[in-house]
Amino acid sequence: QVQVVESGGDLVQPGGSLRLSCAVSGSIFTVYATGWYRQAPGKQRELVARITNVGRTTYADSVKGRFTISRDSAKNTRYLQMNGLNPDDTAVYYCNTDPPMASWGQGTQVTVSS
């Protein structure tokens with residue numbers, strides 16, 4: 001089984017930046033890919049970025065060019081670098097492996113507001 005823990009969320013001004021971290025533990029060598037998801041109030045959870053175990057990345061159109069997903073295999077950690085944040089990015093951000101799918105964690109709150 002795989003476990004994930006998100007961290008790094010904060011309150012930031014529009015145009016600001018944040019880096020989120022996702023610590024992966026457990027059966028890490030079974031992981032094929034890791035994704036970052038977000039869920040805003042009253043909205044469905046959506047996939048915003050994904051990285052495979054060979055480093056291939058994909059992004060939702062809404063974040064393309066602003067967000068970068070990466071990984072540090074030595075630290076068993078994945079990251080989401082978020083630049084040019086705007087209020088529409090306000091959400092709880094989650095990471096998860098897929099496959100295999102871990103249980104959803106608590107997420108980390110990102111609030112973009114002046």
Any donor-acceptor pair under 3.5 Å from [X] side chain to [Y] backbone:
| X | Y | result |
| --- | --- | --- |
| E6 | C95 | yes |
| R78 | N96 | no |
| T108 | Y93 | no |

TODO: Before accepting this row, confirm whether a basic side-chain N of the pair R50/D98 lies closer than 4.0 Å to the acidic partner's carboxylate O.
DONE: no

In Å, rounded to the nearest 0.5 Å, how long is the span from [atom1] of [X] to [atom2] of [Y]?
| X | Y | atom1 | atom2 | result |
| --- | --- | --- | --- | --- |
| Q109 | D10 | CD | CG | 10.5 Å |
| R19 | M82 | CZ | CE | 11.5 Å |
| T97 | Q3 | OG1 | CD | 9.0 Å |
| T52 | R71 | OG1 | CZ | 6.5 Å |
| T30 | Q1 | OG1 | CD | 10.0 Å |
| N53 | I28 | CG | CD1 | 12.0 Å |

- [ ] Verify side-chain contact (heavy atoms from CB on, under 4.5 Å) between K75 and S21, making sure each step is shown before the conclusion.
- [x] CA-CA 11 Å; K75 296 181 179 180; S21 298; over 6 Å; no

Indicate the atoms forming the closest heavy-atom contact of [X] with [Y], along with that distance.
| X | Y | answer |
| --- | --- | --- |
| T77 | A23 | OG1-CA, 4.4 Å |
| P14 | S114 | CD-N, 3.7 Å |
| D89 | G84 | OD2-O, 4.3 Å |
| A102 | V2 | CB-O, 3.1 Å |
| L85 | R66 | CA-NH1, 4.0 Å |
| G9 | L20 | N-CD2, 3.6 Å |

Using the rule that two of Ile, Leu, Val, Met, Phe, Trp, Tyr join whenever any of their side-chain heavy atoms come within less than 4.5 Å, decide whether [X] and [Y] are in one cluster.
| X | Y | answer |
| --- | --- | --- |
| V48 | V12 | yes |
| V92 | V112 | no |
| V110 | V63 | yes |
| V24 | I69 | no |

Task: Close side-chain approach of N76 to S25, heavy-atom, < 4.5 Å - done: no

- [ ] Could you pull out all residues at least two apart from R45 that satisfy salt bridge (Lys or Arg N to Asp or Glu O under 4.0 Å)?
- [x] none

Open item on the list: Starting from Y32 and following side-chain heavy-atom contacts under 4.5 Å between hydrophobic residues (I, L, V, M, F, W, Y), which residues can be reached?
Closed with: none

Task: All pairs passing ring pair (Phe, Tyr, Trp, His ring centres under 6.0 Å) where residues 34-79 contributes a residue, at least two apart - done: Y37-W104

